[in-house]
Amino acid sequence: MSEDRKPGFNTLAIHAGAQPDPATGARATPIYQTTSFVFDDVDHAAALFNLETFGNIYTRIMNPTQAVLEERMAALEGGTAALAVASGHAAQVIVLHTLMEPGDEFIAGRQLYGGSINQFGQAFAKFDWTVKWADTTDADSFRAQVTPKTRAIFVESIANPGGIITDIEAIAAVAKEAGVPLIVDNTLATPYLTKPKEYGADIIVHSLTKFLGGHGNSIGGVIVDCGTFDWMGSGRYPTLTAPCSSYHGITLAETFGNFAFAIACRVLGLRDLGPAISPMNAFLILTGIETLPLRMQRHCDNTLQVAEWLQGHDKVAWVNYAGLPGNKFNALARRYCPAGAGAVFTFGLKDGYEAGIALVSNVQLFSHLANIGDTRSLIIHPASTTHRQLSDEHRERAGAGADVVRLSVGLESVDDIIADLDQALAAV
Ligand SMILES: *Cc1c(COP(=O)(O)O)cnc(C)c1O
């Protein structure tokens with residue numbers, strides 16, 4: 001390929017970061033299942049530990065299989081660098097650990113993955129990091145929460161339940177005014193459907209566990225540094241701008257410029273907190289990413305057909321899928337996710353709680369479980385599972401009322417997916 005040709009998304013999904021293995025010629029990326037790497041000599045070891053040269057030391061910090069996954073994700077999101085970690089939640093901990101000091105605050109849209117609500121509100125409180133909640137559908141509600149202690153804003157690109165398509169550009173404008181980075185969790189969209197950097201995100205996180213891995217077999221997460229935030233100019237992020245005592249007093253933001261955030265996450269956050277991804281999981285997720293464009297398009301096409309069919313069913317009260325004309329997020333979906341509004345959505349059953357239980361008990365092709373983003377079609381009734389500990393009022397507020405069913409539509413023949421829902425709804 002000539003120097004001035006920019007490879008397309010499909011090409012990057014297959015090739016970015018990878019080359020035939022220099023030692024063996026292996027064409028698929030090998031699983032470097034090793035804990036540690038031999039130094040050339042004493043000087044090489046010293047240079048590695050001083051961050052004067054890049055290279056492998058120990059798989060908690062860096063590994064060649066993980067490195068291919070990182071380069072591929074940075075390429076797909078248009079970032080300067082990336083760091084792969086053990087899970088989506090691990091990515092979030094490391095990002096916030098790099099940005100926050102005890103006593104600092106960050107603002108998050110309250111319509112988030114349930115696990116993130118727990119992590120931000122409960123686990124992070126133990127670090128004395130305070131989350132201020134805003135309404136993802138209202139950029140002004142973020143503005144109202146900004147204080148001198150604010151260090152970041154966090155939103156999901158597609159937020160469920162609720163079926164929200166986030167107006168990333170409007171919230172990025174608030175982050176800019178406040179002088180803090182915008183973090184976008186792009187798990188439900190993946191860079192195939194939307195690239196948050198193009199709308200002003202500074203940091204992107206993913207649970208690789210979902211559509212990127214795509215086959216329901218491996219947990220993983222990634223942090224992408226967009227290279228857009230001016231850490232030295234801000235001066236509010238000592239991890240990046242104060243002399244670093246672990247590395248002979250170098251200043252990470254000065255030494256590493258527009259990929260300093262990714263470096264800080266690796267050489268401090270991952271080094272010290274420790275949630276490394278295994279080479280095996282990195283390999284499985286890389287293999288999944290090779291077919292991301294094909295899978296995501298099929299996921300979206302199947303989902304639109306299923307949502308349209310449900311809308312016409314007499315036992316269904318409502319369908320909330322942003323891909324449907326008439327949905328309140330349809331205009332934002334057409335702007336941010338023109339190829340499709342993702343594969344996860346909720347709908348309501350006219351007969352409420354008992355109907356939800358009957359539906360999940362009678363499906364045969366769908367799997368009743370708590371996950372999304374598998375090749376297989378998945379179903380859950382939040383009120384009787386993930387949200388059962390909450391009061392009725394809290395469930396309603398979380399978009400998980402008694403009548404709500406959530407689907408993650410898979411890649412099976414769409415006629416079979418619809419036929420399964422049809423026979424299960426007949427039993428309701
Ligand atoms: C699953 C998920 C996470 C957490 O990721 P894990 O890999 O399970 O730790 C975070 N955000 C979103 C939107 C998710 O769907």
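In terms of heavy atoms, A333 sits closest to A341 at CB-CB, 4.3 Å. Scanning both residues, Y247 and V267, for their nearest heavy atoms gives OH-O, 2.9 Å. What you find for A383 and A400 is that their closest heavy atoms are CB-O, 3.9 Å. Smallest separation of non-hydrogen atoms from P30 and T65: O-OG1, 2.8 Å. Here the shortest heavy-atom pairing between N258 and T80 reads O-OG1, 2.8 Å. Taking each heavy atom of S408 and G373 in turn, the nearest pair found is OG-N, 3.0 Å.
With sequence neighbours excluded, no residue satisfies salt bridge (charged side-chain N to carboxylate O under 4.0 Å, His left out) with R236. Evaluation of the salt bridge (charged side-chain N to carboxylate O under 4.0 Å, His left out) rule for D40 yields no partner, not counting sequence neighbours. Not counting sequence neighbours, H368 has no partner by the side-chain hydrogen bond (donor to acceptor under 3.5 Å, both in side chains) test.
No donor-acceptor pair closer than 3.5 Å links the side chain of D420 to the backbone N or O of V363. Although no hydrogens or angles enter the test, the distance criterion places a donor-acceptor pair under 3.5 Å between the side chain of T34 and the main chain of S36. Within the 3.5 Å criterion, the main-chain N or O of A13 finds no donor-acceptor partner in the side chain of E290. In this structure, the side chain of N63 engages the main chain of Y32 through a donor-acceptor pair within 3.5 Å. A side-chain donor-acceptor contact under 3.5 Å links R295 to the backbone of G288. Between the R395 side chain and the H387 main chain, a donor and an acceptor come within less than 3.5 Å of each other. Within the 3.5 Å criterion, the main-chain N or O of L252 finds no donor-acceptor partner in the side chain of T255. Checking side-chain atoms of T251 against main-chain N and O of A253 turns up no donor-acceptor pair under 3.5 Å. A donor-acceptor contact shorter than 3.5 Å is absent between the side chain of Y321 and the backbone of N327. Not a single donor-acceptor pair under 3.5 Å links the side chain of N50 to the backbone N or O of E52.
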Please walk me through it: do S157 and I168 pass side-chain contact (heavy atoms from CB on, under 4.5 Å)? CA-CA 7 Å; S157 51; I168 300 171; 4.1 Å; yes
Intermediate values then yes/no, side-chain contact (heavy atoms from CB on, under 4.5 Å), L324 and Q311: CA-CA 10 Å; L324 290 172; Q311 223 173 13; 3.6 Å; yes
Is there a side-chain contact (heavy atoms from CB on, under 4.5 Å) between I165 and T194? Walk through the geometry before answering. CA-CA 11 Å; I165 306 290; T194 198; over 6 Å; no
Check step by step if side-chain contact (heavy atoms from CB on, under 4.5 Å) holds for L76 and F9. CA-CA 7 Å; L76 292 178; F9 190 89; 3.7 Å; yes
Checking R143 against D140 for the salt bridge (Lys or Arg N to Asp or Glu O under 4.0 Å) test, could you report, in this order, the C-alpha distance in whole Å, the side-chain angles of both residues, the deciding distance, and whether it holds? CA-CA 5 Å; R143 196 171 276 114; D140 286 332; 2.4 Å; yes
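In this structure, L48 and N56 have side chains that are not in contact, with every pair of non-hydrogen atoms separated by 4.5 Å or more. Contact of the C244 side chain with the L268 side chain is registered, since non-hydrogen atoms from C-beta on lie closer than 4.5 Å. The shortest distance between side-chain heavy atoms of W133 and L112 falls below 4.5 Å. With contacts defined as side-chain heavy-atom distances shorter than 4.5 Å, the pair I418/V306 qualifies. Looking at heavy atoms from C-beta onward, L378 lies out of side-chain contact with L407 at the 4.5 angstrom threshold. Contact of the L273 side chain with the V93 side chain is registered, since non-hydrogen atoms from C-beta on lie closer than 4.5 Å. Residues V205 and F154 meet the side-chain proximity criterion, which asks for heavy atoms closer than 4.5 Å. At least one side-chain heavy atom of T59 sits under 4.5 Å from a side-chain heavy atom of Q66.
Residues F120 and F106 place their aromatic rings such that the two centres sit under 6.0 Å apart. Aromatic pair F347/W318: ring centres not closer than 6.0 Å.
The CG atom of D104 lies 9.5 Å from the CG atom of L99; values are rounded to the nearest 0.5 Å. Atom CG of L208 and atom CD1 of I285 lie 4.5 Å apart (nearest 0.5 Å). Note that CG of D230 is 11.0 Å distant from CG of L240, once rounded to the nearest 0.5 Å. To the nearest 0.5 Å, atom CH2 of residue W309 and atom CG of residue D415 are 11.5 Å apart. With values rounded to the nearest 0.5 angstrom, H15 atom NE2 is found 12.5 Å from Q19 atom CD. Remark: I61 CD1 to F37 CZ distance equals 11.0 Å, nearest 0.5 Å.
Residue pairs that meet the salt bridge (Lys or Arg N to Asp or Glu O under 4.0 Å) test with at least one member in residues 128-137, sequence neighbours left out, are E105-K132. Legend: side-chain hydrogen bond (donor to acceptor under 3.5 Å, both in side chains) pairs involving residues 199-222, not counting sequence neighbours, sorted by first then second residue: E77-H206, D202-T228, S207-T209. Annotation: ring pair (Phe, Tyr, Trp, His ring centres under 6.0 Å) contacts involving residues 81-102, sequence neighbours excluded, comprise H89-Y113.
For the pair D21 and R27, the salt-bridge criterion is not met [side-chain N within less than 4.0 Å of a carboxylate O]. With respect to the salt-bridge test (charged N to carboxylate O, under 4.0 angstrom), the residues E101 and R151 do not qualify.
Under 3.5 Å, the side chains of N302 and R298 contain no donor-acceptor pair of N or O atoms.
For the side-chain contact (heavy atoms from CB on, under 4.5 Å) with I107, the qualifying choice from V174, T150, T147 is T150, the only one to do so. For the side chain to side chain donor-acceptor pair (under 3.5 Å) criterion with T136, the lone passing option out of Q111, E156, R110 is Q111. The residue from D301, T375, I417 that alone fulfils the side-chain contact (heavy atoms from CB on, under 4.5 Å) condition with L411 is T375. When each of W231, Y237, F229 is paired with F261, the ring pair (Phe, Tyr, Trp, His ring centres under 6.0 Å) condition holds for W231 and for no other. Shown are R60, R266, M62; of these, the side-chain contact (heavy atoms from CB on, under 4.5 Å) with R271 is made only by R60.
Applying the 6.0 Å contact sphere to CZ of R335 captures more than 12 heavy atoms from other residues, nucleotides or ligands. Counting non-hydrogen atoms of neighbouring residues, nucleotides and ligands closer than 6.0 angstrom, the CZ atom of F49 reaches no more than 12 such neighbours.
Ring pair F256/F54 is tilted by interplanar angle, where 30° to 60° counts as tilted.
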